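Structure first, commentary second.
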Amino acid sequence: MELGNLTGFSEFLLLGLSEEPELQPLIFGLFLSMYLITVFGNLLITLAISSDSHLHTPMYFFLSNLSLVDIGFTSTTIPKMLWNIQTQSQAITYGGCITQMHFFVLFAGLDTSLLTVMAYDRYVAICQPLHYMVIMNPRHCGLLVLVSWIMSSLHSLLQCLMVLRLSFYSDLEIPHFFCELNQMVQLACSDTFLNNMVMYFGAGLLGGGSFVCILYSYSKIVSSICGIPSAQGKYKAFSTCASHLSVVSLFYCTSIGVYLSSAVTQSSHSSATASVMYTVLTPMLNPFIYSLRNKDLKMALKRFFGMAAIKIPIVLGLKKCT
């Protein structure tokens with residue numbers, strides 16, 4: 001095969017989760033259902049928070065941002081996969097692949113950054129409750145989200161620029177359902193030493209650094225909770241961060257599990273299947289985790305559905321009158 005840099009007219013082939021034709025309708029239906037649940041659930045959380053003044057607090061501000069990021073995270077990969085199955089095509093252009101990779105790395109970085117910011121918010125709320133409203137003022141909260149966007153954008157841009165310098169075979173098959181950064185680097189025919197160094201450094205800085213910050217925050221939180229004399233006070237303090245801790249555990253455990261399993265099995269298709277855990281399943285479960293374990297959010301959702309139920313008959317009545 002001829003070697004050379006790919007142009008905008010070149011195409012990659014996304015092999016997906018399975019090449020068996022009889023499994024394609026099942027995969028299409030399953031992923032379409034999960035995608036719709038993810039979008040609807042996270043959008044519902046965002047609308048409930050924005051419409052309820054009781055939830056205009058730092059914790060729910062960060063949660064609404066996380067929900068929007070989760071929508072973007074799944075929308076980067078799943079629609080293209082569904083389109084390929086529906087059209088019975090595995091092709092994705094080089095430009096489309098780089099774009100998909102850029103947004104995937106961007107939203108993955110935002111996920112880890114926002115989870116870290118939310119851990120910091122819980123740390124201030126439990127360990128420094130008297131100064132909470134002063135420290136977590138609207139300007140500071142907005143700045144934390146802005147810094148998360150800037151860091152994730154720069155990291156994603158750097159990784160994509162590093163991939164653009166690589167050369168590939170003229171016909172490239174990607175054993176994945178999206179253009180994953182590690183897969184792209186492994187399939188290059190040019191020297192990838194610098195790419196690997198930048199990739200691992202970025203993962204260690206954003207992913208590992210965020211994980212260390214979250215662990216430090218929760219070590220302080222646990223220490224403060226242990227100092228509370230009453231059992232009811234301990235339960236109340238822990239319940240405010242139980243949902244966040246569940247989401248963090250789900251995200252990091254699935255992410256680490258995917259890369260450990262891929263390193264052990266050395267199978268690209270098994271890695272693609274395992275990556276569904278943190279690319280699709282985790283964003284889908286986040287709204288359920290937060291809504292089922294949070295009384296304030298449950299009430300906000302009830303009020304939101306109540307407002308919607310009232311508005312629909314009014315709108316229908318106006319249409320009949322006209």
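Index from 1, following the sequence. Since this is a predicted model, take the numbers as computed values, not measurements.
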**Request:** Determine, using the 4.5 Å side-chain heavy-atom cutoff (strictly less than), whether Met81 and Leu30 are members of one ILVMFWY cluster.
**Result:** yes
**Item:** Any donor-acceptor pair under 3.5 Å from Glu20 side chain to Leu23 backbone
**Value:** no
**Prompt:** Counting heavy atoms not belonging to Tyr132, are there more than 12 under 6.0 Å from its OH?
**Reply:** yes
**Request:** Could you tell me whether a side-chain N or O of Thr74 sits under 3.5 Å from a main-chain N or O of Val280, the two making a donor and an acceptor?
**Result:** no
**Prompt:** If you look at every heavy atom in Ser64 and Thr46, which pair is closest and at what distance?
**Reply:** O-OG1, 3.7 Å
**Prompt:** Side chains of Phe178 and Glu180: closer than 4.5 Å at any heavy-atom pair?
**Reply:** yes
**Message:** Can you tell me if Glu22 has over 12 outside heavy atoms packed within less than 6.0 Å of its CD?
**Reply:** yes
**Message:** Can a donor-acceptor pair be found, under 3.5 Å and without considering hydrogens, that links the side chain of Thr93 to the backbone of Gly96?
**Reply:** yes
**Prompt:** Between the side chain of His56 and the main-chain N/O of Ser50, is any donor-acceptor distance below 3.5 Å?
**Reply:** yes
**Message:** Parallel, tilted or perpendicular, judged at 30° and 60°: which one describes the rings of Tyr123 and Tyr216?
**Reply:** tilted
**Item:** Enclosure of Lys220 NZ (heavy-atom neighbours >12, cutoff 6.0 Å)
**Value:** no
**Prompt:** Among Phe238, Phe62, Tyr218, which one satisfies ring-ring contact (aromatic ring centres under 6.0 Å, His included) with His244?
**Reply:** Tyr218
**Request:** Could you give me the CA-CA distance, side-chain angles and deciding distance for Leu285 and Tyr290, then say whether side-chain contact (heavy atoms from CB on, under 4.5 Å) is met?
**Result:** CA-CA 9 Å; Leu285 293 178; Tyr290 276 103; over 6 Å; no
**Item:** Sidechain-backbone polar pair: Asn137 side chain, Met133 backbone, donor-acceptor under 3.5 Å
**Value:** no
